There are 2 protein chains.
Amino acid sequence: MSEGVEWALHSCVNLAWSGPDRAVSAARLAAWHDLPAAYLNKQLQALARAGILTSSPGPRGGFRLARPLASISLMDVVAAVEGPEEAFRCTEIRRRGPGAGDPAAEGADAADCAVAHAMTRAELAWRRALAAQNLDEIRQQAEQQAPEAAGRLRAWLAAQ
Amino acid sequence: MSEGVEWALHSCVNLAWSGPDRAVSAARLAAWHDLPAAYLNKQLQALARAGILTSSPGPRGGFRLARPLASISLMDVVAAVEGPEEAFRCTEIRRRGPGAGDPAAEGADAADCAVAHAMTRAELAWRRALAAQNLDEIRQQAEQQAPEAAGRLRAWLAAQ
DNA sequence: TGATTCTGGATATTTAGTATCCAGATTATG
DNA sequence: CATAATCTGGATACTAAATATCCAGAATCA
């Protein structure tokens, strides 16, 4: 799993803390946690393409949340950053070499590989668990641990 | 997820099909599905270190299952091949840059990052789903789809 | 004794992830 | 209108991890 997921999740919470009326540039979001600005910008673009953020160019431009945190699941963010591919990808080794069965008997509509089927089932459990958690829950827990976090971010943004 | 997981799962089922009394060399297991022998050997070594397979050198040597398929879960194999690290690893970006809170206030025993906590919860669901499935279930499903698979493998091994 | 095979380390190759840079388009501000 | 700030997307470079090969040593069987 790429680091971009961690950056994206924190950035979304930071955007919520920064308030609904201001856009925050990729450069400032990156500086807040000392991340590479140009690379974080790529992740934020992916979030914007996925409809999680909106973006606007120009002075006073930047990124902001496209919808309330409570309506953004971890799955939404992971899918936006990591893409649609499954972590386990079946390469159909059972169809290669002497172990490959009779191609005619199996045909194009052969049943799914039992190994791939089992791995996919586990991955679905992971996706369900991601979809069951939303960013507002994360924000609440983070605020319990550090109630001053939102205020510090807003103060720092105002001073930039 | 590395391809080694797919190879390892298929190889375990193939070892079950090859019968309990014979060891199969890495070279033959690899040839059966046209895999790189030396590299598959590395995965099999990992399975042996994890107690899933046993290995013996010399002529008539090779790998065999250390215990019944039904007592080997997908989680066992994935852990053996992929290692103990979590797919999502928290790099604690919240502690870097201006966004880092007062280090004294947080200290060494600071609460877990809310983002990491949520991602870990999803990963636990994945692990549970892997642990809930064993290799014998996979073998049974594969035999339903291709009842002749075990016989073909044994015949091919005998001809080697 | 010789052939077979695992073991583990060293090394090379390939791919994916990380990171930077730039030219173009858009927009706020003075 | 001119300037500066910012996103967009492509091109490119760098780094780390996965993939793959090779070899010397030890164990084992015939």
Side-chain angles (χ1 to χ4, degrees), chain A residues 1-8 11 15 18 21-31 33-64 66 78 80-89 91 93 157 160, chain B residues 1-8 11 15 18 21-31 33-50 52-64 66 78 80-89 91 93 96 157 160:
Chain A
M1 169 131 331
S2 72
E3 250 185 293
V5 171
E6 185 183 9
W7 301 359
S11 293
L15 283 172
S18 77
D21 47 343
R22 82 160 73 219
V24 185
S25 73
R28 282 196 242 284
L29 278 172
H33 286 311
D34 197 19
L35 302 173
Y39 192 36
L40 174 65
N41 186 48
K42 294 250 182 276
Q43 322 289 352
L44 298 175
Q45 281 182 36
L47 294 177
R49 274 191 295 268
I52 295 169
L53 305 181
T54 60
S55 62
S56 49
R60 313 290 297 169
F63 295 88
R64 68 185 74 196
V78 170
V81 173
E82 293 281 276
E85 287 183 19
E86 291 192 21
F88 179 89
R89 66 193 158 95
T91 62
I93 66 173
L157 284 174
Q160 294 301 300
Chain B
M1 168 131 329
S2 71
E3 250 186 290
V5 170
E6 185 184 9
W7 301 359
S11 293
L15 283 172
S18 76
D21 46 344
R22 84 160 73 222
V24 185
S25 72
R28 284 196 240 286
L29 278 173
H33 285 312
D34 198 20
L35 301 173
Y39 192 36
L40 174 64
N41 186 47
K42 294 248 181 279
Q43 322 288 352
L44 298 175
Q45 282 183 34
L47 294 178
R49 275 191 294 268
I52 295 169
L53 305 181
T54 60
S55 62
S56 50
R60 312 292 297 169
F63 296 88
R64 67 185 74 198
V78 170
V81 173
E82 294 281 276
E85 287 182 20
E86 292 192 19
F88 179 90
R89 68 193 160 94
T91 62
I93 66 173
R96 299 210 302 258
L157 283 174
Q160 292 302 299

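Numbered from 1 within each chain, the chains take letters A, B, ... in sequence-line order. Given the structure is predicted, the values throughout are model-derived calculations rather than measurements. Basis for what follows: all heavy atoms, side chains included, without hydrogens, waters or symmetry-related copies.
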* For A/L35 and C/dG17, what is the distance between atoms CG and C1' respectively, to the nearest whole Å? -> 15 Å

* What is the distance from CE of A/M1 to C1' of D/dA16, rounded to the nearest Å? -> 17 Å

* Which distance, rounded to the nearest 0.5 Å, do you find between the OG of B/S11 and the CD1 of B/I52? -> 12.0 Å

* To do: Could you grab the distance from atom CZ of B/R96 to atom OG1 of B/T91, nearest 0.5 Å is fine?
  => 5.0 Å

* To do: Grab the CZ-P distance between A/R64 and D/dT6 for me, whole Å please.
  => 13 Å

* Structure fact -> Between CD of B/E3 and P of C/dT15 the distance, given in whole Å, is 11 Å

Mind listing the N/O atom pairs, protein and nucleotides 1-7 of chain C, below 3.5 Å?
| from | atom 1 | to | atom 2 | distance (Å) |
| --- | --- | --- | --- | --- |
| C/dT4 | O2 | B/P59 | N | 3.3 |
| C/dT5 | OP1 | B/R28 | NH2 | 2.9 |
| C/dT5 | O4' | B/G58 | O | 3.3 |
| C/dT5 | O2 | B/G58 | N | 3.4 |
| C/dC6 | OP1 | B/A26 | N | 2.9 |
| C/dC6 | O3' | B/S55 | OG | 3.1 |
| C/dT7 | OP1 | B/S55 | OG | 2.5 |

* Between B/Q43 (side chain) and B/W7 (backbone), is there a donor-acceptor pair under 3.5 Å? -> no

* Is a donor-acceptor contact shorter than 3.5 angstrom present between the side chain of A/K42 and the base of C/dG17? -> no

* Residue B/R60 excluded, over 12 heavy atoms near CZ under 6.0 Å -> no

* Tell me: CG of A/L53 to C1' of D/dT8, nearest whole Å? -> 15 Å

* Would you give the length of the straight line joining atom CZ of B/R89 to atom CE of A/M1, rounded to the nearest 0.5 angstrom? => 11.5 Å

* Check whether any side-chain N or O of B/Q160 sits under 3.5 Å from a backbone N or O of B/R28 as a donor-acceptor pair, and report yes or no. => no

* **Whole-Å distance separating the CG atom of A/L40 from the P atom of C/dA19** => 11 Å

* Asked: Nearest-Å distance, OH (B/Y39) to C1' (C/dT11)?
  -> 14 Å

* Rounded distance (Å) that lies between atom P of D/dA18 and atom CZ of A/F88 -> 16 Å

